[in-house]
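No hydrogens, no waters, no symmetry mates; every other heavy atom, side chains included, goes into these values.
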Amino acid sequence: GVSALLFGLTFLFTRSTHNAIDYGLQTTLFTISRIGVPILAGMLLDYYGYFTMLCLLSFGIMIALVMSLKAQPAIEMKQIF
């Protein structure tokens, strides 16, 4: 569900003359992050413990939240909803 939504939202941030290239790049980066984050979380858990892993992953989520709030005006300008 969420993945489909995110893949659909990537079209909001593609250039009209380069939709395929931009979409391909964005989905590749999204997929790499979906593979890499669990590996990183496992390494953090093994080497530094649960608390550090939780704090660093929470920090990453907070960065994503701030970035999405900054992107909100650009999304609203597209007037898709």
Problem - Hydrophobic cluster identity match, M43 and F51, side-chain contacts under 4.5 Å - result: no
Problem - L57 CG to L45 CG distance, which is reported to the nearest 0.5 Å - result: 10.0 Å
Exercise for the section: Please list all pairs passing the side-chain hydrogen bond (donor to acceptor under 3.5 Å, both in side chains) test where one or both residues lie in residues 31-57, with sequence neighbours left out. Expected result: S3-R34
Fill in the blank from the handout: Excluding I61, membership of its hydrophobic cluster (Ile, Leu, Val, Met, Phe, Trp, Tyr; side-chain heavy atoms within less than 4.5 Å) reads none
Practice task
Show which residues join L29 in its hydrophobic cluster (side-chain heavy-atom contacts under 4.5 Å, direct or indirect), or state none.
Solution key: L25
Handout entry: ILVMFWY cluster membership beyond F59 - transitive side-chain contacts under 4.5 angstrom
Key = I63, M67
Practice task
Could you go through the side-chain contact (heavy atoms from CB on, under 4.5 Å) check for L44 and L54 one step at a time?
Solution key: CA-CA 9 Å; L44 289 170; L54 181 63; over 6 Å; no
Handout entry: salt bridge (Lys or Arg N to Asp or Glu O under 4.0 Å) partners of residues 15-33, not counting sequence neighbours, each pair once
Key = R15-D22
Problem - Qualifying ring-ring contact (aromatic ring centres under 6.0 Å, His included) pairs with a residue from residues 15-37, counting only residues at least two apart or across chains - result: F7-F30, F11-Y23
Practice task
Tell me whether L40 is reachable from I35 by hopping between hydrophobic residues (I, L, V, M, F, W, Y) whose side-chain heavy atoms are closer than 4.5 Å.
Solution key: yes
